[in-house]
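The structure appears below as C-alpha cells.
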Amino acid sequence: MIRFQHVSKTYPNGVEALRDVSFHIAKGQFVFLTGHSGAGKSSILSLILAEHRPTAGDVRVSGFPVGKLTANQVPRLRRKLGIVFQDFRLLEYRTVEENVAFALEVTGARREGMASRVMRVLTRVGLASKAHVYPKELSGGEQQRVAIARALVNDPPIFIADEPTGNLDERATRGIFQLLQQINGGGTVVVMATHNLALVRDTGYRVLELKGGQVVYDSAQEAGGTA
Amino acid sequence: MRSSTPFREALRTFRRTPLLSALSVASIGFSLFTIGLFALVALNFRHSLQNLAERVEVVAFVLRGTPTETITAASQDVQAFPEVLEVRYVNEEQALSRARQELVEFKDAYRDLEANPLPASLELRLKPEFRDARSAQAVAERLRGFPFVDDVRFGRDWVQRLDRLRNLAALVGLIIGLAFAIVAVVIIGVTIRITVLQRATEIAIMRLVGATNQYIRGPFLLEGALKGVLGGLLAVLMCWVMYAVFRRTASEVASGVVFFGATAIAIGLVFGTLIGLLGSLLSVGRHLKNV
C-alpha cells in the first residue's frame, strides 16, 4: 500500500529532512511512526499526503507515484486516505454531521444516501447522539472522534493519524487508540505518528523509529519480518 | 442535514461575516461608482456632441435658371446616397424670405432689392453615423458632379474640429475608464483575498479531504460575482443620487443632462459581475498556488 524506496527530502530552505529512507507497509498493517520532533515523521506523512514531493527516490501510495502526480491527481490520491491531526482541524461553524458530510461533498458524492452514510460512521465512532452539535461544545476526545469519522466516511484503504492523541488526556487517548485498532481490524492500513511510547509498548504492532531523517529501527525487520 | 452547494457556501460567507461582506460590497460599489460617474460625464459629453453633430449639413447651391424638374429629379438621386438622411429643396423665394426672417439686421437691405440675389439650394442632412468630415467631404464631391450645382458648402473646419473632439473624447474616455476598471479589479481582488485568507484553514481542510481546486474555487467565484453585482447596484444607485442632486441644484444648465438607459445599466451590472469574478479568480488562484 505504501512503499518508500531510497527516499530523500531536502526542503527549499536547505533542511535535509529525510535521507535514503526505504520501507514498505503492506495491506492490513498497523504501523507506529516514532521519533523526536524533527526526526522526519512529519516529512514522511507529508510525502504520503502528496503535500510535498521527494527530492530523490520513489514514493508510492495506493499505486500513486507521489513524485510524478499532476495537480489534478493529488485530490484523487487524498480520497484514498483518511487523515487526522493533533489539532482535529474541524470546521467550527458546521455541526458534527456537516463536518463529516463535508468530506463526502467535496468528492462530489451523490446526495441521496449521504445522510445515512454520515450517521453510520458517527455511530461507529460513538457520536450519533451529537450529530447536531457544534465542535466547540465537544471535549477534545469527542472532537478527534469527529475528525476520525470524517476521515472514515469515504472508506479509505489507508488511514493516517498525525499525533492524534497529542492533545488528549489518558482516558481519551485510550479511547481513540481503540478506535484506530477497530479501524485496522476492518483491513484498513493505519499509520500513526506518535510521541507516546507508553501507547506503542506492548501492542505488538510494527514500529518504525526515525532519527535524523533516517529509519533507525524497524520492528518488522528485527523480527526477520514481513516488510 | 443541509447539503452544501457553491451558492449556499457563498451565502454562508455573507451570513458569517456580515461586516466584512458589507465592507467589500461597499468598496466594490465605490470603485464602480467612480467608473459610473466618469461614464455619466462621458455619456453626457457624447450626448452634447451628438446634438452638435445634428447641425452637420451639406448645402449645394443651384445655378440660376435651372428648371425645377431637373432639381427634383436630381434630389431623388441625392436622397439615394447612403450617407443622406434627408434632402430639402429651398427655392429662391424661400431663401429670401428665410434670410429676411433670420438676418433681421439686413431686413431693410433685403426689402429694397429689385431682383432676388439668393440662389436656390439643396440642403442635405446626413445620417448620424456619417456626421464626420470625411463623409461630408465625399458627399460634397459627389454633389459637385451635378452640372447644375454651382457650389457646395459644409463648414469643413467646424466638422473637422468636431471630429477631433470626438476622437479625443473617445481616447480620454478609454484611458481613464480602463484605469478606473483596473483599480476596481485590484480593490475587489484585495477584498476577496481577505475572505480567502480568513478561510485559509477551511481551504486547507478541503484540500486534505480531497477537494479539487475547481470545487474550492466555486463558492469564491460565486461570492465575487455576487459582491460585484451588489456593488454594481450600489454604484448605479449612488450615480443616480448624484444625477438627481445635480439636476436639482443646477437646474438651468442641467436640463439637457441625461442618465444611463436600461441597456447601459445592464452592461454596468454585467461589468461589475465580471470584475467581481476576475478579482476572486486572481486572488483564489494565487492562494491555491501557494498552499
Side-chain angles (χ1 to χ4, degrees), chain A residues 45-46 48-52 70-85 87-119 122 131-132 135 147 149-154 156 160 162, chain B residues 1-24 192 194-224 226-227 280-291:
Chain A
L45 293 183
S46 80
I48 293 174
L49 303 182
E51 283 181 322
H52 297 114
T70 64
N72 290 334
Q73 287 170 318
V74 172
R76 293 187 197 295
L77 165 63
R78 301 234 172 112
R79 291 173 195 180
K80 302 256 181 209
L81 306 172
I83 309 159
V84 296
F85 296 94
D87 55 358
F88 321 133
R89 302 200 188 170
L90 298 174
L91 298 169
E92 58 180 33
Y93 57 90
R94 288 171 196 252
T95 63
V96 164
E97 182 184 56
E98 285 168 345
N99 263 285
V100 177
F102 186 66
L104 283 174
E105 284 161 5
V106 301
T107 62
R110 281 196 283 162
R111 304 235 172 271
E112 64 254 35
M114 202 181 263
S116 65
R117 269 175 89 174
V118 170
M119 270 327 277
L122 281 178
H132 302 293
R150 182 180 66 193
L152 284 179
V153 74
N154 278 314
I160 307 289
D162 188 2
Chain B
M1 184 179 62
R2 300 185 52 191
S3 57
S4 73
T5 60
F7 187 67
R8 199 168 281 154
E9 286 301 306
L11 283 185
R12 201 196 282 261
T13 315
F14 277 76
R15 263 209 320 275
R16 267 176 58 212
T17 52
L19 191 68
L20 186 65
S21 298
L23 219 63
S24 48
I192 300 268
I194 293 171
T195 348
V196 173
L197 289 178
Q198 189 205 16
R199 290 175 64 187
T201 333
E202 187 180 347
I203 292 178
I205 294 171
M206 283 178 161
R207 291 174 74 105
L208 276 175
V209 296
T212 58
N213 283 351
Q214 285 116 291
Y215 182 93
I216 297 171
R217 229 175 264 141
F220 285 109
L221 294 191
L222 211 63
E223 188 189 323
L226 220 57
K227 284 178 177 170
S280 46
L281 197 65
L282 291 177
S283 51
V284 179
R286 211 165 74 180
H287 184 78
L288 288 180
K289 209 178 280 174
N290 290 344
V291 174

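Labels below follow one simple rule: chain letters A, B, ... track the order of the sequence lines, proteins then strands, and each chain is numbered from 1. Computed over heavy atoms, backbone and side chain alike; hydrogens, waters and symmetry mates excluded.
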Should [X] and [Y] count as side-chain neighbours, where that means a heavy-atom distance under 4.5 Å?
X: B:Thr212; Y: A:Arg76; answer: no
X: A:Tyr93; Y: B:Arg15; answer: no
X: B:Met206; Y: A:Glu105; answer: no

Taking side chain as everything from C-beta outward and backbone as N, CA, C, O, which of these in A:Glu51 sits under 4.5 Å from a heavy atom of chain B? Side chain, backbone, both or neither.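 Contact with chain B involves the side chain of A:Glu51 alone.
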
Who among A:Pro156, A:Ala50, A:Pro75, A:Ala131 has the most heavy-atom pairs with chain B under 4.5 Å?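 Greatest number of close heavy-atom pairs with chain B: A:Pro75.
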
Is the side chain of A:Arg79 donor-acceptor paired with the backbone N or O of B:Gly210 at a distance under 3.5 Å, no angle test?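 Yes, because the side chain of A:Arg79 sits within donor-acceptor range (under 3.5 Å) of the backbone of B:Gly210.
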
Among residues at least two apart in sequence or on other chains, which ones pass side chain to side chain donor-acceptor pair (under 3.5 Å) with B:Ser280?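 In terms of side chain to side chain donor-acceptor pair (under 3.5 Å), with neighbours along the sequence ignored, B:Ser280 is linked to no residue.
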
Where do B:Leu208 and A:Leu49 come nearest, in terms of heavy atoms and distance?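 So the minimum-distance heavy-atom pair works out to CD2-CD1, 4.0 Å.
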
Candidate list A:Val106, A:Leu81, A:Ile83, test side-chain contact (heavy atoms from CB on, under 4.5 Å), partner B:Val209, passing option: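 Testing each of A:Val106, A:Leu81, A:Ile83 against B:Val209, the sole residue satisfying side-chain contact (heavy atoms from CB on, under 4.5 Å) is A:Val106.
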
Does A:Ala151 have any side-chain contact (heavy atoms from CB on, under 4.5 Å) partners at least two apart in sequence or in another chain, and if so, which?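 With sequence neighbours excluded, A:Ala151 shows a side-chain contact (heavy atoms from CB on, under 4.5 Å) to A:Val84, A:Phe159, given in chain and number order.
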
Apply the test side-chain contact (heavy atoms from CB on, under 4.5 Å) to residues A:Phe102 and B:Ile205: give CA-CA distance (whole Å), side-chain angles for both, the deciding distance (0.1 Å), then the verdict. CA-CA 10 Å; A:Phe102 186 66; B:Ile205 294 171; 4.1 Å; yes

Could you tell me whether B:Glu202 and A:Arg94 make a salt bridge, using a distance below 4.0 angstrom between a side-chain N and a carboxylate O?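 Yes, this pair counts.
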
